[in-house]
Amino acid sequence: MSGKAKDILQLDLYGLLGIENTATAKEIKKAYRQKALKCHPDKNPDNPQAAALFHQLSQALEVLTDAAAKAAYDKICTAKKQAEERNRRLDDKRKKIKLDLEARERQAEAQTQDEVQITRTLEEEITRLREEGSRQLEEEQRLIREQIQREREEQQNTGYYSHRNSGAGRCSSSNVTPKLKLKWKCKKEDGTNGGYCQDFILKLLQKYGDVLNVIVSSKKKGSAVVEFATVRAAELAVKNENGLSENPLKILWLEGQPDLAPASQFMSTQGSLSNERDYESVVMMRMRQAAERQRLIEQMQKEDDEEATS
């Protein structure tokens, strides 16, 4: 048996993640993210125990998100529990009966052979994971790194956003959660909804920040509303996300859109505006764009209302 398999057999993978052995892949990943964020080496550079725990969590994710490796591990755990249960049931009387003891020794020997085979199966699956590369682990660790980076950027930008409390880059109301309207082409008879479902939209937009809710309209094809945790995440999604190349998204603000920057700040950050006429032209253009967005939003809301009442 390789050292890798022995190390894993010493661990309670489900206990490490704080989950039951009936947990789904989604629940396993969620538990991993919560645990790994707390002990990530980047957050605990001076704590070697944190790095060791992060490594163990990575091993747990690696084995439990691979069906074959998880099955082999579960078999070993089940066999151990059964052996412990048998040992508890042994009483003094049975221990004194030679025949019964010999029978149990033969049974234990056969069981040991089974456990050796099961352990080999786990070892083979772990070797396969090493050879193929754990895509699940790499993806989860990438998401962890991105989230840590976002947290750092938000901390660095705290002063910047506080400075903009007068109106620039802020929601018109601090109680308004930023919401975006998504539209795409979709025929009524299209069962795939144009390639966009709730999970797909969530994965598509999570890279910009935390998404609180995704509501795909069941009455109007090709339409959804997305609620973000921060204005910054919604801004990034509006500016950068295009969706599927064969069926691009149209993304518009519904609520929480940042106001335009004040004239003094705008002039200080836009050195390319050489005179007052250039500035007025840009302001007029921004006003027209804002009016056009508002018109489109009202039109889309009207279409949704008509569809709901039809």
> Does the pair Lys239/Glu235 count as a salt bridge with the N-to-O cut at 4.0 Å?
Replying inline: no

> Considering residues, nucleotides and ligands other than Asn47, do more than 12 of their heavy atoms fall under 6.0 Å from its CG?
Replying inline: yes

> Are Leu53 and Leu64 connected, step by step, through hydrophobic side chains (Ile, Leu, Val, Met, Phe, Trp, Tyr) whose heavy atoms are closer than 4.5 Å?
Replying inline: yes

>> Please check this pair: side chain of Tyr73 against backbone of Leu9, looking for a donor-acceptor N/O pair closer than 3.5 Å.
In response: no

> Taking it one step at a time, do Asp100 and Arg104 satisfy salt bridge (charged side-chain N to carboxylate O under 4.0 Å, His left out)?
Replying inline: CA-CA 6 Å; Asp100 183 68; Arg104 291 183 181 278; 2.9 Å; yes

>> Show me the pairs that pass side-chain hydrogen bond (donor to acceptor under 3.5 Å, both in side chains) and involve residues 29-40, at least two apart or across chains.
In response: Lys29-Gln136, Arg33-Glu140

> Can you tell me if Glu27 uses its side chain to pair, donor with acceptor, with the backbone of Thr24 under 3.5 Å?
Replying inline: yes

> For the atom pair CD1 (Ile251) and CG (Leu254), what is the distance rounded to the nearest 0.5 Å?
Replying inline: 11.5 Å

> Nearest heavy-atom pair of Asn247 and Tyr196: which atoms, and what distance?
Replying inline: O-OH, 2.6 Å

> What are the two closest non-hydrogen atoms of Pro258 and Val231, and how far apart are they?
Replying inline: CG-CG1, 3.4 Å

> Taking all atoms of both residues into account, what is the closest heavy-atom pair of Ala23 and Ile19, and its distance?
Replying inline: CB-CD1, 3.9 Å

> Going by heavy atoms in the side chains, are Leu122 and Ile126 under 4.5 Å from each other?
Replying inline: yes

>> I'd like to know if the side chain of Asp190 reaches the main chain of Cys186, judged simply by a donor and an acceptor atom lying under 3.5 Å from each other, with no hydrogens or angles considered.
In response: no

> What closest approach, in Å, do Val216 and Cys197 show between heavy atoms, and which atom pair accounts for it?
Replying inline: CG2-C, 4.3 Å

> Is the CZ atom of Arg120 crowded by more than 12 outside heavy atoms at less than 6.0 Å?
Replying inline: no

>> Rounded at 0.5 Å granularity, tell me how far NZ in Lys43 sits from CD in Glu151.
In response: 4.0 Å

> Are Ser223 and Lys181 close enough that a side-chain donor and a side-chain acceptor fall under 3.5 Å?
Replying inline: yes

>> With a 3.5 Å distance limit and no angle check, can you tell me whether Asn242 reaches the backbone of Pro248 through a side-chain donor-acceptor pair?
In response: no

> About how many Å separate CD of Gln257 and NZ of Lys179, when rounded to the nearest 0.5 Å?
Replying inline: 14.0 Å

>> Salt bridge or not between Lys207 and Glu241? Use side-chain N to carboxylate O under 4.0 Å.
In response: yes

> Would Leu244 end up clustered with Tyr208 when hydrophobic side chains under 4.5 Å apart are linked, directly or stepwise?
Replying inline: yes

>> Quick one, Leu11 with Gln56, criterion side chain to side chain contact (heavy atoms under 4.5 Å, CB included). Give me CA distance, side-chain angles, the key distance, then yes/no.
In response: CA-CA 8 Å; Leu11 300 174; Gln56 291 178 351; 3.9 Å; yes

> Okay, side chain of Asn44, backbone of Ala50: is any donor-acceptor separation there less than 3.5 Å?
Replying inline: no

>> Regarding Arg150 and Glu153, does a basic nitrogen lie under 4.0 Å from an acidic carboxylate oxygen?
In response: no

> About how many Å separate CG of Leu37 and CZ of Arg145, when rounded to the nearest 0.5 Å?
Replying inline: 12.5 Å

> Would you call Lys81 and Glu85 a salt bridge, using N to O less than 4.0 angstrom?
Replying inline: no

> At what distance, to the nearest 0.5 angstrom, does CG of Leu57 lie from NE2 of His55?
Replying inline: 10.5 Å

>> I'd like to know if Val214 and Leu143 are part of one continuous hydrophobic network [Ile/Leu/Val/Met/Phe/Trp/Tyr, side-chain heavy atoms within less than 4.5 Å].
In response: no

>> Counting neighbours of CD on Glu20 that are heavy atoms of other residues, nucleotides or ligands and sit closer than 6.0 Å, is the number greater than 12?
In response: no

>> Holding to side-chain contact (heavy atoms from CB on, under 4.5 Å), I want the full list of residues that pass it with Asp74, two or more places apart in sequence or in another chain.
In response: Tyr14, Lys70

> Asn193 side chain to Gly195 main-chain N or O, any donor-acceptor pair under 3.5 Å?
Replying inline: no

> Are Glu105 and Lys98 ion-paired here, with the side-chain N under 4.0 Å from a carboxylate O?
Replying inline: no

>> Could you go through Val63 and Gln59, starting from their C-alpha distance and side-chain angles, then the distance that decides it, and tell me whether this counts as side chain to side chain contact (heavy atoms under 4.5 Å, CB included)?
In response: CA-CA 6 Å; Val63 171; Gln59 288 179 314; 5.7 Å; no

> Are any of the side-chain nitrogens in Glu125 or Arg128 under 4.0 Å away from the carboxylate oxygens of its partner?
Replying inline: yes

> Should Val176 and Ile215 be counted in the same cluster of Ile, Leu, Val, Met, Phe, Trp and Tyr side chains packed under 4.5 Å apart?
Replying inline: no

> What's the spacing between Thr230 OG1 and Leu212 CG if we round to 0.5 Å?
Replying inline: 8.5 Å

> Between Trp253 and Leu180, is a side chain to side chain contact (heavy atoms under 4.5 Å, CB included) present by the stated rule, with each step listed?
Replying inline: CA-CA 5 Å; Trp253 286 93; Leu180 300 181; 3.6 Å; yes

>> Measuring only between side-chain heavy atoms, which start at C-beta, is Val226 closer than 4.5 Å to Asn213?
In response: no

> Passes side chain to side chain contact (heavy atoms under 4.5 Å, CB included), Ile8 versus Leu13? Steps please.
Replying inline: CA-CA 8 Å; Ile8 289 179; Leu13 302 185; 4.1 Å; yes

> Are Leu202 and Trp184 connected in a single hydrophobic cluster, I mean Ile/Leu/Val/Met/Phe/Trp/Tyr linked by side-chain heavy atoms less than 4.5 Å apart?
Replying inline: yes

